Amino acid sequence: MLEELVKQALIGTGRATAEAMPLDGALGQAIGSLRAGSPEATLLQRAVICAAYERCGRKPITVALQLERSAVDKQLECSARASQVLDLLLMSSDTRFNQQLVAEWFGYSVAANRRVPHRLLPRVLDFASTHRALRDAITPAIDARGEWLMKCNPRWQFAAAVNDDFDSIWHTGNRDQRLSVIRQRRQVDPAHTRGLIESTWQEDAAEDRAAFIESFSVGLSPDDEALLEAALDDKSKRVRAAAAELLTALPLSGFVRRMTERAAALLKFVPAEPGRLLKLKKSRPATIEVTLPPEPFDKTWARDGIVEKPAETMGIRQWWLLQIVSYVPPAVWTTQWNIAPEECIGAIGEFGDVLIRAWQLAARRCADQSWLRQLALAAAAKGTEKFDATLLAQMIPAHQLEVITLIADSPRTELETVSKILGASHCELDQRCTLAVVDKIEYHLSSPTATYQYQLTQLLQNLVLRMPPQMHDELAKRWADQKWESNRKSLDEFFQVLVLRRDMKREFSR
Amino acid sequence: MAGGWTVDRVLQLAPDPASAKAGQGLASTRKWVSIASDSGAIWGECQGSGAKPYQVQIELFEPAFKCSCPSRKFPCKHAVGLMLLFAADEIKPAARPAWVEEWLASRADRAKKKQEKADEPAKPVDAEAQAKRRAKRLDRVGEGIASLKTWTEDLIRSGIATAPSQGYAFFDEPARRMIDAQAPGAARMIRDLGSIAMSGAGWQEPFLRQLASLHLLTSAFDQMQRLSKETVDDILATAGIPQSQEEVVDRPGILDCWQILAQEIELEDRLRVQRTWLFGSATARPAMVLHFAHGAGPLDASLQPGTAFDGEVCFFGANQIRAAVKNKTSTKARANLGGFASLDAACAAFGQLLARQPWLDEVAVPLQSVVPVRIDDQWRLLDEQKQSMQLTCTDSSAWLLMALSGGEPIDVAAAIDGSRLRPLAAMANDEYISLGITNNVGV
């Protein structure tokens with residue numbers, strides 16, 4: 001009916017005359033009772049009546065549908081303040097903190113066995129679909145209602161959405177996609193993953209090959225040796241270096257055996273000799289005697305990743321020494337000489353600096369915790385200024401904390417150094433360590449020249465996510481003074497994040 | 001949560017995103033020298049950049065805000081921060097200090113004076129002069145409306161097929177003429193007509209409906225002398241001849257327990273328009289209260305969605321849904337969204353309203369025990385009789401409804417326009433959730 005009127009209206013009553021509308025029922029009656037008028041008025045009046053008729057009489061329609069219901073949630077909903085905090089985090093566009101804070105929120109909620117309130121589920125699932133790394137942490141807290149929603153919305157089916165045709169991704173994907181295949185498959189089926197890499201080795205670009213080799217650092221096993229050993233013969237220097245690094249972490253590999261043989265001839269441990277009073281002989285501390293590698297450069301070394309020409313200003317034979325020792329797992333020395341790492345470090349003499357650097361590299365390559373700890377402590381004791389923060393990355397959290405506390409405690413340490421080591425580490429800070437950093441900040445602020453400083457902002461950003469949140473109240477009291485005037489903005493941001501952390505921890509521990 | 005105040009709700013009060021953000025920055029007890037509340041008010045002293053802290057106070061019933069800071073935004077960031085702390089249950093009860101007592105007393109005083117003034121016999125109005133002014137204005141509107149009638153009929157005579165290619169200017173010109181003729185309601189209808197023409201595929205039928213509706217206004221205006229007082233009110237309201245709020249609340253109102261179903265805020269240029277949807281529990285009467293604010297000015301905060309109040313509401317016409325609150329005698333913390341037991345009943349009620357007032361656009365209704373479902377890429381609501389209607393809303397609102405329901409019936413407040421439902425809010429597990437998402441704030 002209205003359709004017919006629309007047709008007439010489109011053409012215009014000037015061109016086509018409105019036809020009589022044969023209609024019965026109420027609508028027909030209403031239209032029939034219209035007074036005769038111009039064709040234009042008649043059309044518009046009819047349209048008004050039809051439209052009103054339609055809108056007044058709209059009926060819902062019956063649908064046959066088997067309703068799928070969500071199962072009952074197994075957990076209790078989190079507290080009102082806890083969901084308020086999550087609400088704020090999901091709303092915010094501040095990416096510097098959010099991901100970590102959301103992860104922390106879910107850490108607490110899962111530990112406390114509390115679920116997300118229903119009203120936040122869509123936003124939580126949206127967040128999980130864009131932050132892959134957090135999915136596993138989030139999943140337990142969405143409970144039955146969340147799982148039901150995931151089933152309803154294809155966009156949230158991230159678990160099932162993963163394409164499992166790894167072979168075809170491997171052959172057609174870009175580097176990131178192919179790397180993600182290695183990451184996903186390496187734990188499940190390492191042999192298959194190696195097979196994939198070998199299948200395209202000849203065609204792949206050097207950068208891709210290096211990236212694939214580097215990705216082996218996760219889940220490295222003796223089974224990888226053959227492929228890594230073959231990579232030592234690669235055309236690309238970067239591929240060769242990557243393979244050598246990883247082989248160092250395989251203590252039973254041929255590579256390590258060859259390097260150990262080379263190095264054994266260079267280092268000799270001479271135990272301490274106690275002095276003898278009667279023979280008037282002075283006591284002598286233990287030392288490591290170093291014999292520099294002989295010239296000329298041994299061509300077989302090059303194959304194992306050793307570079308002939310120094311990359312920095314240093315003697316050529318010292319350069320070779322540095323490289324050879326850096327490819328020997330440090331545990332080799334402690335076993336061979338039957339002494340502790342700190343005794344080795346204490347026994348350095350001539351070329352000591354070279355040895356320390358070589359050991360640092362080797363300890364990082366093997367992630368040797370006792371060596372890393374002793375090397376870091378020794379480096380921190382020697383001077384915090386030149387401390388190589390990269391040592392921390394592979395250390396277990398407890399050791400990191402020990403080293404950070406030591407450095408922050410030292411009165412000679414600059415604010416910038418503290419900021420740098422916090423940035424390079426990833427452990428949670430305890431109260432003791434936090435107070436050391438806090439003292440450092442206060443000392444810095446008390447200096448008459450302290451103004452707005454980028455390092456301070458950075459340090460606060462590093463501190464706020466890792467310090468114990470319950471220290472909020474104490475710090476809020478301590479840092480309420482005028483000293484903060486020129487750094488007000490950084491401090492406000494610091495407390496905004498800290499109060500959220502304090503509250504989520506408190507809410508979930510009730 | 002404190003007195004039904006949630007973060008969302010507090011942030012909605014903020015006059016702009018900057019204030020919302022700044023308010024969040026102040027929602028930490030660290031910023032406050034003192035902070036406390038009692039049953040009727042919250043107050044605090046906030047350390048700003050000056051030496052003396054700002055005194056911030058909020059009267060909770062209205063709510064009303066006062067702050068000693070120089071900001072012209074209202075409520076200012078300090079009040080927003082204080083409200084957020086209140087919503088987070090961070091404020092402990094205490095006895096009122098003198099400065100709060102003083103303010104509340106002066107407010108009560110003013111309210112009393114206002115009441116006294118209202119109770120005084122009204123000044124005798126010069127009825128004759130008023131009628132003269134009104135007649136003059138109606139003449140002017142009448143002239144404009146007459147020209148509009150010609151315009152609509154011309155359009156139909158030459159055919160509407162070319163309307164989309166005419167551009168907005170084609171509609172702006174008659175709309176401006178209606179503004180000059182003091183009929184802004186008609187002007188808005190013409191502008192909407194233009195938007196429909198430009199809306200792309202499927203514009204034809206809605207265009208004809210809107211054009212016919214305009215034409216109906218012009219014909220009705222011609223015949224006003226023969227029509228009932230109620231219908232004349234509808235015609236004048238549709239044309240946009242204003243009635244003052246005071247004049248409206250002077251009339252006898254309708255006593256009921258009014259459920260505050262939902263609130264929407266729209267931005268029209270620099271003007272913020274707040275629409276609050278009410279529904280009378282006993283009378284089953286829908287109502288809509290409008291409030292306006294320019295720029296960062298304050299919007300009314302006295303009607304909190306998800307609550308209900310006993311009181312009197314006055315309408316702008318017997319068939320109009322636009323209304324004003326005359327008084328509130330008591331408030332209830334929880335609204336009851338469970339109004340219509342079936343979609344059919346809701347449709348029938350809408351039909352009744354439309355039959356009396358043909359220019360009715362949409363009204364909000366409470367729907368009891370409905371389930372949101374997705375059928376063939378369409379969002380629908382399903383009632384207990386397995387009857388369903390299509391929803392018109394964003395996907396994120398629909399998913400929120402799904403999350404709240406989990407396939408089980410929930411109570412929903414929705415706007416109905418005779419073809420579809422636009423969901424506004426839901427009540428699940430005794431919690432009121434607005435479907436309008438405030439997305440403009442950050443930590």
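In what follows, chains are A, B, ... by sequence order, proteins preceding strands, each numbered from 1. All values derive from a computational prediction rather than experimental measurement.
The part of B:Leu382 that comes within reach of chain A is its side chain, from C-beta onward, which places non-hydrogen atoms under 4.5 angstrom from that chain. If you measure heavy-atom distances from A:Asp87 to chain B, the contacts under 4.5 Å come from the side chain alone. Proximity to chain A is limited to the backbone of B:Ser213, based on heavy atoms less than 4.5 angstrom apart. Proximity to chain A is limited to the side chain of B:Glu90, based on heavy atoms less than 4.5 angstrom apart. For chain A, no part of B:Gln390 is nearby; none of its heavy atoms comes within less than 4.5 Å. Only the side chain of B:Ile375 has a heavy atom closer than 4.5 Å to any heavy atom of chain A. Proximity to chain B (any heavy atom under 4.5 Å) is restricted, for A:Asp503, to the side chain, taken from C-beta onward. Of the two parts of A:Ser79, neither the backbone nor the side chain holds a non-hydrogen atom closer than 4.5 Å to a non-hydrogen atom of chain B. Looking at A:Leu90, there are no atoms closer than 4.5 Å to chain B (heavy atoms on both sides), in backbone or side chain. Neither the backbone nor the side chain of A:Leu120 comes within contact range of chain B, judged by heavy atoms closer than 4.5 Å. Interface remark: B:Ile433 contributes side-chain atoms only to the contact with chain A (heavy atom separation under 4.5 Å). No part of B:Lys149 comes within reach of chain A, as not one of its non-hydrogen atoms sits under 4.5 angstrom from that chain. In this structure, chain A has no heavy atom under 4.5 Å from any part of B:Asp395. Neither the backbone nor the side chain of B:Thr162 comes within contact range of chain A, judged by heavy atoms closer than 4.5 Å. Interface residue A:Ile61: backbone and side-chain heavy atoms are both found under 4.5 Å from chain B.
For the set B:Gln47, B:Lys31, B:Arg374, the count of heavy-atom pairs under 4.5 angstrom toward chain A peaks at B:Lys31. The residue among B:Leu404, B:Leu353, B:Leu343 with the most heavy atom pairs within less than 4.5 Å of chain A is B:Leu404. When each of B:Gln204, B:Arg380, B:Glu205, B:Met389 is checked for heavy-atom pairs under 4.5 Å with chain A, B:Glu205 comes out on top. Between chain B and the options A:Gln45, A:Arg58, A:Glu54, A:Glu3, the largest number of non-hydrogen pairs under 4.5 Å is found for A:Arg58. Per-residue heavy-atom pair counts under 4.5 Å with chain A were compared for B:Ser219, B:Gly25, B:Pro358, B:Ala348, and the maximum is reached by B:Gly25. Per-residue counts of heavy-atom pairs under 4.5 Å with chain B were compared for A:Leu67, A:Ile49, A:Asn153, A:Asp126; the largest is that of A:Asn153. Ranked by heavy-atom pairs under 4.5 Å with chain B, the list A:Ala51, A:Ser38, A:Cys56 is led by A:Cys56. Of the listed residues (B:Asp383, B:Leu401, B:Asp417), the one with the most heavy-atom contacts under 4.5 Å to chain A is B:Asp417. When A:Val85, A:Asp492, A:Leu65 are compared by the number of non-hydrogen pairs under 4.5 Å with chain B, A:Asp492 comes out ahead. Counting heavy-atom pairs closer than 4.5 Å to chain A, the top-ranked of the candidates B:Ser419, B:Gly406, B:Gly418, B:Ala212 is B:Gly406.
Considering all non-hydrogen atoms of both residues, B:Met402 and A:Cys152 come closest at CE-SG, 4.1 Å. Contact between B:Met427 and B:Ile410 at its shortest, heavy atoms only, is O-CB, 3.8 Å. Nearest heavy-atom pair across A:Ser129 and A:Trp156 is OG-CD1, 4.3 Å. Residues B:Phe207 and B:Ile196 come closest through the heavy atom pair N-CG2, 3.6 Å. Between A:Asn98 and A:Leu89, the closest heavy-atom pair is ND2-O, 2.6 Å. In plain terms, the two heavy atoms of A:Ala9 and B:Ile156 that are nearest each other are CB-CD1, 3.9 Å.
Other residues, nucleotides and ligands contribute over 12 non-hydrogen atoms within 6.0 Å of the CG atom of A:Asp473.
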**Item:** Evaluation steps, salt bridge (charged side-chain N to carboxylate O under 4.0 Å, His left out), between A:Lys151 and A:Glu68
**Value:** CA-CA 10 Å; A:Lys151 254 184 257 152; A:Glu68 302 242 357; over 6 Å; no

**Item:** B:Val371 and B:Leu381: CA distance, side-chain angles, deciding distance, side-chain contact (heavy atoms from CB on, under 4.5 Å) verdict
**Value:** CA-CA 6 Å; B:Val371 185; B:Leu381 271 190; over 6 Å; no

**Message:** Please determine whether salt bridge (charged side-chain N to carboxylate O under 4.0 Å, His left out) holds for the pair A:Arg114 and A:Glu77, giving the CA-CA distance in whole Å, both sets of side-chain angles, and the decisive distance to 0.1 Å.
**Reply:** CA-CA 6 Å; A:Arg114 287 282 185 280; A:Glu77 185 177 318; over 6 Å; no

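Using a 3.5 Å distance cut-off with no hydrogens or angles, the side chains of A:Trp479 and A:Glu442 do pair a donor with an acceptor. Defined by atom type and a distance below 3.5 Å, a donor-acceptor pair is missing between the side-chain atoms of A:Gln496 and B:Gln24.
Here the straight-line distance linking atom CZ of A:Arg119 with atom CG of B:Leu435 works out to 12.0 Å at 0.5 Å rounding.
A:Glu493 is not listed as a side-chain neighbour of A:Leu460, based on a closest heavy-atom distance of 4.5 Å or more.
For the pair A:Glu40 and B:Arg157, the salt-bridge criterion is met [side-chain N within less than 4.0 Å of a carboxylate O].
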